[in-house]
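Read through the structure below, which is laid out as structure tokens, and then see the notes.
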Amino acid sequence: MKTFSFKIDPLTGEDYYEVYIRGRQLINDPLLNKQSAFSQEERLSLGLDGLVRAHVSTMEEQIHRCEEAIGRKTDDLEKYIYLQSLLDRSEVLFYRLLYEHLEELVPIVYTPIVGQACMNYSHLQRRYRGLYISPENIGAIDNIFQAVSLPTVNLIVVTDGERILGLGDLGSDGMGIPVGKVNLYVAAGGVHPAVTMPITLDVGTNNERLLRDPLYLGYKHPRLDGKEYAAFIEKFVLGVRRNFPEALLQWEDFAKHKAFVLLERYRDRILSFNDDIQGTGATALSSLMTAMRIKKQGFKDQRFVIVGMGQAGVGIARNIRAALLAEGLSEEEARRHIFAVDQWGLLLDDFPALEAPQRPFAQPREALCEWEVRGQNEIGLMDVVKNSRATVLIGVTAKPKLFDDAILNQMAKNTERPIILALSNPTSKCEATLEDVARATGGKGLMASGSPYAPVDWKGKQMVASQCNNLFIFPGVGLGALVAKAQKVTDQMFLAASKALSAMVTPEEMERGMLLPDMKNIRQVSYRVAKAVCIEARDSGLGRLLSDEELDRVIKRAQWEPQYSSFRAGPCA
């Protein structure tokens, strides 16, 4: 049952919502509830008289009230709970508050605090948000989708909860991730909240803590796997295609062995991408592009060590390889610049346990004949950093302090301005802190991190770490793909996004060591990324044939501003 529709008055050209519910039901709908901001006319026509207090508030007054409320919360998890409660009461007000305090509140609604929230999600449960699809209801997928009360669905963020951040299998408690990603799509990208849908595929959990927890709200069975899992996913994707044929599907926090398979299986069948693989890779690539400008060098002048060859690590490696190939190197030459390290040390091409996505980045053993190492069977991180003369060190391992003083000191010996990307989040999982890098490199290191760090004063100079947050990429890519009406999301679109993002870093910001733009400009970043994606889609024959000027207008109009729309009473539901 649709609760409202988007309308345009044919006489005046005014945009408004035609609303089909009344009174208490309207107040209880978070997408429509204006709380004390309903106009007098709306109160009379929509059955609200007597249900709200007399004063008609401005949004500014409401924001001030919210700022007071959140200011009384001394614990970040309590702030998260308050913000989610606000989202469940009034989405427009929530997004206006988030929009006006983005740098302060993004760490609350997403990393790092969302990880803490997911660990306790069943114990924090207020209202259900989004959809939960399980083996018990997958057969009714069409009924579930047709019952959605939104005017339309253009954007779906979906997880199966198996690899939540660096926290592992959280089952349906992982719903905090797609909810948070939708929040960022709206606040940063400008996607209208009324066309977004977070979904959790509750296929069970192998987490014994959750299975023993009497308050766990998910499907209390071991995870589906193998053919049963594949059949479940196929039913889900077909249901999306039937019911929301124009929707973009973002795969989020799936386990490594499933994420690559799902991306390859469905990327040409449904408009989709995997942010953990492609978004992380594109954001890291953009950081490295900026670092090359600061160092006045090329990718082929660097030796890259990537630690952690899961989704993020492979995504980053693929992007670095593409940059090396673009500079004229052959496939084999590019391989000799990338040193991939995983749990058993440097990846070598004769390892029997290599997974298919890792294989292109494994070094031939004969190429290391002159290396001085402590053990031939397991070549550790220090051996790799020292023998490769690494200039770039990238961590996506969720192993705190993995980049210790010895590793960072060696990086400083290898190059005057080492590049350190310590990308694991939340902060407790980060491979190195900004202070660690500053101390080891004498303040000359260039750093990006997965979670935010305050600037560090080092011998009279301020050192900063850019937050290498996928927030810089995925909202713009999603918005661009939707505006372009792209047939699919390609690697070339992500490359265009990386270039557009790096180009936004000003000379003044580079002088400070920033590798990414200031997050306060995130709406402009998403616009630039979206336009780059639209142009690439158009030029590759996968998107709408609009001129650059027409794309400007369409993207700007597509970016929703969090403000109340006018309501008019439609026929009752």
Can we say [X] and [Y] salt-bridge, meaning some charged N sits less than 4.0 Å from an Asp/Glu carboxylate O?
X: Asp548; Y: Arg553; answer: no
X: Arg163; Y: Asp276; answer: yes
X: Glu536; Y: Lys531; answer: no
X: Glu91; Y: Arg129; answer: yes
X: Glu42; Y: Lys34; answer: yes
X: Glu18; Y: Arg568; answer: no
X: Lys258; Y: Glu162; answer: yes
X: Glu100; Y: Arg96; answer: yes

Is there a side-chain contact between [X] and [Y] (heavy atoms, below 4.5 Å)?
X: Phe260; Y: Glu355; value: no
X: Phe472; Y: Pro517; value: yes
X: Met493; Y: Val477; value: no
X: Leu262; Y: Val237; value: no
X: Tyr16; Y: Phe6; value: no

For a quick check under 3.5 Å, do [X] and [Y] share a side-chain donor-acceptor pair by atom type?
X: Tyr95; Y: Asn183; answer: yes
X: Gln563; Y: Glu561; answer: no
X: Asp142; Y: Asn243; answer: yes
X: Gln62; Y: Ser36; answer: yes
X: Tyr185; Y: Gln250; answer: yes

I'd like to know whether Ile316 forms a side chain to side chain contact (heavy atoms under 4.5 Å, CB included) with Asn319, so could you lay out the CA-CA distance, the side-chain angles of the two residues, the decisive distance to 0.1 Å, and finally the verdict. CA-CA 5 Å; Ile316 292 169; Asn319 278 270; 5.8 Å; no

Walk me through it: do Tyr216 and His123 pass the test ring pair (Phe, Tyr, Trp, His ring centres under 6.0 Å)? CA-CA 8 Å; Tyr216 177 59; His123 294 253; 9.4 Å; no

Exercise: identify the closest heavy-atom pair between [X] and [Y]:
X: Arg267; Y: Val489; result: NH2-O, 3.8 Å
X: Ala188; Y: Ser526; result: O-OG, 3.0 Å
X: Leu224; Y: Tyr229; result: O-CD1, 3.7 Å
X: Leu423; Y: Cys468; result: CD2-CB, 3.5 Å
X: Cys534; Y: Ile555; result: SG-CD1, 4.1 Å
X: Phe236; Y: Ile138; result: N-CD1, 4.1 Å

Give a yes or no answer on whether the side chain of [X] reaches the backbone of [Y] with a donor-acceptor pair at less than 3.5 Å.
X: Ser424; Y: Ala398; value: yes
X: Gln311; Y: Phe254; value: yes
X: Ser449; Y: Pro452; value: no
X: Asp202; Y: Tyr219; value: yes
X: Asn470; Y: Ile473; value: no
X: Ser90; Y: Leu86; value: no
X: Asn206; Y: Arg223; value: yes
X: Arg318; Y: Asp491; value: no
X: Thr280; Y: Ile277; value: no
X: Asn207; Y: Asp169; value: yes

Answer yes or no on whether Lys7 is positioned over the face of Tyr17, meaning its NZ or CZ is under 6.0 Å from the six-membered ring centre and within 45° of the axis. no

What distance do [X] atom [atom1] and [Y] atom [atom2] have between them, rounded to the nearest 0.5 Å?
X: Lys181; Y: Ile156; atom1: NZ; atom2: CD1; answer: 15.5 Å
X: Leu31; Y: Leu150; atom1: CG; atom2: CG; answer: 6.0 Å
X: Lys79; Y: Leu83; atom1: NZ; atom2: CG; answer: 9.0 Å
X: Tyr80; Y: Ile113; atom1: OH; atom2: CD1; answer: 10.5 Å
X: Leu97; Y: Leu87; atom1: CG; atom2: CG; answer: 11.0 Å
X: Glu550; Y: Leu545; atom1: CD; atom2: CG; answer: 10.0 Å

Might you work through the ring pair (Phe, Tyr, Trp, His ring centres under 6.0 Å) test for Phe474 and Phe273, ending with a clear yes or no? CA-CA 9 Å; Phe474 75 82; Phe273 68 89; 7.6 Å; no

More than 12 foreign heavy atoms under 6.0 Å from [atom1] of [X]: is that the case here?
X: Glu41; atom1: CD; result: no
X: Lys2; atom1: NZ; result: yes
X: Lys220; atom1: NZ; result: yes
X: Arg209; atom1: CZ; result: yes
X: Glu246; atom1: CD; result: no

Sole candidate of Leu249, Leu271, Leu248 that passes side-chain contact (heavy atoms from CB on, under 4.5 Å) when paired with Leu155: Leu248

Out of Ile164, Val158, Val157, Asp160, which residue meets the side-chain contact (heavy atoms from CB on, under 4.5 Å) rule with Asp253? Ile164

After noting the C-alpha distance and the side-chain angles of Tyr110 and Leu184, does the key distance pass the side chain to side chain contact (heavy atoms under 4.5 Å, CB included) rule? CA-CA 8 Å; Tyr110 205 62; Leu184 300 183; 3.9 Å; yes

Test ring pair (Phe, Tyr, Trp, His ring centres under 6.0 Å) on Phe567 and Phe4; report intermediate values, then the result. CA-CA 9 Å; Phe567 291 177; Phe4 73 99; 7.6 Å; no

Between Phe232 and Ile133, does the side chain to side chain contact (heavy atoms under 4.5 Å, CB included) criterion hold? Intermediate values first, please. CA-CA 10 Å; Phe232 180 94; Ile133 311 298; 3.9 Å; yes

So Trp560 and His192, would you call those rings parallel, tilted or perpendicular, with 30° and 60° as cut-offs? tilted

Test side chain to side chain contact (heavy atoms under 4.5 Å, CB included) on Val114 and Cys118 and set out the steps. CA-CA 6 Å; Val114 72; Cys118 286; 4.3 Å; yes

